[in-house]
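This report concerns only the one structure given below.
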Amino acid sequence: MEWIDGWGLSLATLLPVVGAVVLMFLPSSRDSLIKWFGTLVAGVALIFGILVALRFDYGRTGEVQFEVFKEWIPQINANYHIGVDGLSLSLFVLSLLVSFLCMIYLWFHVPEPGKPKALMALVLLLETGMTGTFIALDLVLFFIFWEIVLVPMYFMIGIWGGPRREYAAVKFFLYTLFGSIFMLLAFLALWFNTGGAAGGTFDMIELQQRGIEASAMFRNLVFAGLFLGFAIKVPMWPFHTWLPDAHTEAPTVGSVLLAAIMLKMGTYGFIRIAFPILPEAAKDFAPLIGILAVISIIYGALCCYAQTDLKRLIAFSSVGHMGFVMLGLATLTNNGINGAIFGMVAHGLITGMLFFLAGSIHERYHTREISELGGMLAQIPKFGSIFTYAAIASLGLPGLAGFWGEMLALLGSYNPGAGLSEELFRALMVGGGIGTVLTAGYLLWTVQRVNLGRVPEKFAAGKGIFDVRPLEMWAWVPLLILIVAAGVYPKLVLSVTDGAVQNLVGMFG
Amino acid sequence: MNSPIDLHAITPELVLAGTACLVLIADLFLPEDGKWLAVPLSAAGLIGTLAAIVSLLGEHRITLDGSFEVNSFSLLFKGLFAIIGLFVLAISLDHFRDGKYYQGEYYFLMLCSLLGGFVIASSRDLISVFIAIELISIPAFVMTGLRKRDSRSNEAALKFFLFGVLSSAVMLYGMSLIYGFTGGLTNLGEISTALAGKADEPIVILSVFFIVVGFAFKISAVPFHFWAPDTYEGAPSPVAAFLSTSSKIGGFVGLLVLMYAAFPSVAEAWRPAFAALAILTMTVGNLIALRQRNIIRLLAYSGIAQSGYVLVTFALIDPNNLDVTRQAFQSALIYLAIYGVMDLGAFAAAVAFARKGGSYFIDDYSGLFQRNPALALMLAGFLISLAGAPPMAGMWAKLFVFLAALEAQSYILAIVMGINAVVAAWYYLAVVKRMFFEQPEAQEPVEVTNVLYAAMAVATVALLAFLPGINFLTEMVERSTPF
């Protein structure tokens, strides 16, 4: 199995895009062939991902493993440089897993206007972009993977989306494009700072080692560019307004992929690029990030109370949960950043699951209006229990995955690192703590309104309302198991991240 | 003087000229419904020239008393012209066969115009540059007017002709001033030496100004662009495709040759003019493109804006900083090569759509994805590439020019370029949005011929392959240093 060391990452990343191209050439009429093929491609990519995870040396999580370095564009010194370490491994595997589960989900649930072939090809293309972002160690390569994600999601929302799909698709596209232009400018600034055409580098590892020698002003400007690009993707308040629209209008698999993986690209950008390359600027920005994060937490939670659409509610809950991730990062401590990565994985599992459920509720009841739903637990008990389970995981119940990310982020802000103001971060901790209470409140209220109570009259006949289908179960069981596994045994994630996080925290001095 | 001619060095031109003559003669003997056979004949000739070009790869030859140089720069563009020629043949085949007009003449004229492109890539002499640029233009005037009974085609041809002749006259006037000022020199290298340190001579400035204005017409730079949209719209669409790629790139090659070989020593005199020209061309082209309702006019204005990005590179030339100059030069080559492919692809898609079941109106593109998914996907790819977004190679074209501008510390140009790229993305994506997100008004399927499918597929694959494979192009360009 030694070939995995050199090829595993590339195969897992590039196989989906090749599969997408092949898929385009299959005849549209052969429905099951298309579905088998798409699922198979995503499945094989996942197997490569699992093999990588199995061969990963968990004793050296702080080092880049499975590294591949191939010359690519020597004129600008951009290289095909990929690898995984503790920061990226879990996200890499998670994106392969969720993409595969989405393919299974697509077996029985292709939204209007049909065309499973095109939709599956887009999911595969998206998969390449997402996994590529998590393994790229070169800024140009990172940028390309980052941008590749944009196009399929734009089409996914615009073609298969809800009633306001056009508006949502364009808003999503322009917002993210706007951010990535600033991100690109920051990348170029780093390149010119290290020598431009004469010896400049786009290599993340090399940039870390060389350090950026420049005025604090320059470093902060570059960090601001990176911050804009990443914060829009996360998204942090006040850059979040694209998210509720995109999430609500996107088809189920689109929402799942957006929530579970794409948002993490932003937070990952902070820990992979912005923090390690510009640790000084990170210290200057940490209070601002922390404040915005807590605003996101409380604002996201309050917005949830005002939502009438279940999917939009889950979308706003993402703003809050990603706020916890950003708060963890802003503390610049071991606990905080470990918690942040844990939070990313947990949010990917739980919110991905919730969006699956929201899609399936819409399929059954043809509405997502919370006021019209009710009594799900009585009518379809298995489905209702899964919904309760996911909602409770989302509110951060100890023993389930949602707990650790929030707990560690708050713990980190009690004692922020790198000489950050204790007063400020303790105040932020209190803010975050209030956020957890608010979060618990709206999720329990939602469970109460949707799951409990009496079945509304118009659904009482139960026509078209059926319990969990076997294929749905297949798509969901892995997420359900991982949610409890990561909750009971957090070392599952933390043992992977800890070594790499220690290196990162070491840079803040 | 009369040294022997290096025949190997001019084989590509010989093969192409021979093919052109053969096409013209064959046309006399072909029956009316067999006239389209000129297409495979021309294609075979172009493939022959490609073989000749490949046989010269890596060579460096100078012949015809120093007025003709073969190096990787000229071979790169000859190859590009031959490939553009093949594309245009593919776009033209059914258009002209169905229209049944002047097929033999058309292909002959097109090959002649391509020959002009070949010659200009190798010209190192004022006279041969001028002859080559005329060889590009004059057949194009006639090609534009081929739809004789269509008044818009006539208008297009006349407009193009008058502007073209005017620009040639202005250019020639500038060249004659240089000829007189340098005491009778025509060789570009010698002119460059003679002009060293003469950057503030009014007559030098004036003559360079005339020459640049002449070329500005050819490449339709603002404010010398008025003819282009009308001409493209009135001309048969394959001819518009030809004009916006081969003819425009030909103009740029001439400009590259003159600016880098003849006038680098007086760069400080003309560099600011190019900066102004670039800013105007990018901005005006993009702003007017926003309001277009006809796809050909949209492509015409977007092509004007695309010229603006190439013009940026001319504003970066700095004789005292070779690194910057080389980067500017190379980014121009990369831009032109990628632009040629993506623009032709977009034109091919427009022609394909208008041919059966569609029209040239952007409104009719609504819901194309449901009527013909393959066509919609490929056109979306070309438009995304023109917009400069991944995953298409157009991204590299913009990125390299942008990098060169930053390297030269021309931040204003870089910023204007960045803003323009965003404005342009808006109107390209508006078409994409229309094709994918809106409901079609007509339901009949859009049929596309296999030749057009093949041409578009090749362009799509090339644009996708250059995303990871840009190295192939940069390496080729790397060997083409500024003269």
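Lettering follows sequence order; numbering is per chain, from 1.
- Among all heavy-atom pairs drawn from A/Ile73 and B/Asn471, the shortest one is CA-OD1, 4.0 Å.
- Residues B/Phe437 and A/Tyr154 bring their aromatic ring centres within 6.0 Å.
- For chain A, the option among B/Ala389, B/Pro468, B/Pro373 with the highest count of heavy-atom pairs below 4.5 Å is B/Pro468.
- At a threshold of 4.5 Å between non-hydrogen side-chain atoms, the residues A/Trp191 and B/Leu406 do not count as touching.
- With a 4.5 angstrom heavy-atom cutoff, A/Ala169 touches chain B only via side-chain atoms.
- Note that CD of A/Gln75 is 6.5 Å distant from CZ of B/Phe400, once rounded to the nearest 0.5 Å.
- Between chain A and the options B/Lys433, B/Gln370, B/Glu475, B/Glu438, heavy-atom pairs under 4.5 Å are most frequent for B/Lys433.
- For the atom pair CD (A/Glu147) and CD1 (B/Ile384), the distance works out to 11.5 Å, reported to the nearest 0.5 Å.
- Between B/Leu399 and A/Leu184 there is a side-chain heavy-atom pair separated by less than 4.5 Å.
- With chain B as the partner, the residue from A/Leu150, A/Ile76, A/Val21, A/Leu177 showing the most heavy-atom pairs under 4.5 Å is A/Ile76.
- Counting non-hydrogen atoms of other residues, nucleotides and ligands closer than 6.0 Å to CD of A/Glu213 gives a total of 12 or fewer.
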Exercise. Given side-chain contact (heavy atoms from CB on, under 4.5 Å), test A/Phe155 with B/Leu377 step by step and report yes or no.
Key: CA-CA 11 Å; A/Phe155 285 119; B/Leu377 273 175; 5.8 Å; no
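- Closest approach of B/Leu467 to A/Trp72, counting heavy atoms only: O-CZ2, 3.6 Å.
- Not counting sequence neighbours, the partners of B/Asn286 by the side chain to side chain donor-acceptor pair (under 3.5 Å) test are B/Tyr309, B/Asn420, B/Tyr427.
- Counting non-hydrogen atoms of neighbouring residues, nucleotides and ligands closer than 6.0 angstrom, the CG atom of B/Leu290 exceeds 12 such neighbours.
- With a 4.5 angstrom heavy-atom cutoff, B/Val422 touches chain A only via side-chain atoms.
- Using a 4.5 Å cut-off between heavy atoms, A/Leu141 does not touch chain B at all.
- Interface remark: A/Ile159 contributes backbone and side-chain atoms alike to the contact with chain B (heavy atom separation under 4.5 Å).
- In this structure, no portion of A/Phe178 lies under 4.5 Å from any heavy atom of chain B.
- No more than 12 heavy-atom neighbours from other residues, nucleotides or ligands sit within 6.0 angstrom of CZ on B/Phe472.
- With a 4.5 angstrom heavy-atom cutoff, A/Ile181 touches chain B only via side-chain atoms.
- Looking at A/Trp146, there are no atoms closer than 4.5 Å to chain B (heavy atoms on both sides), in backbone or side chain.
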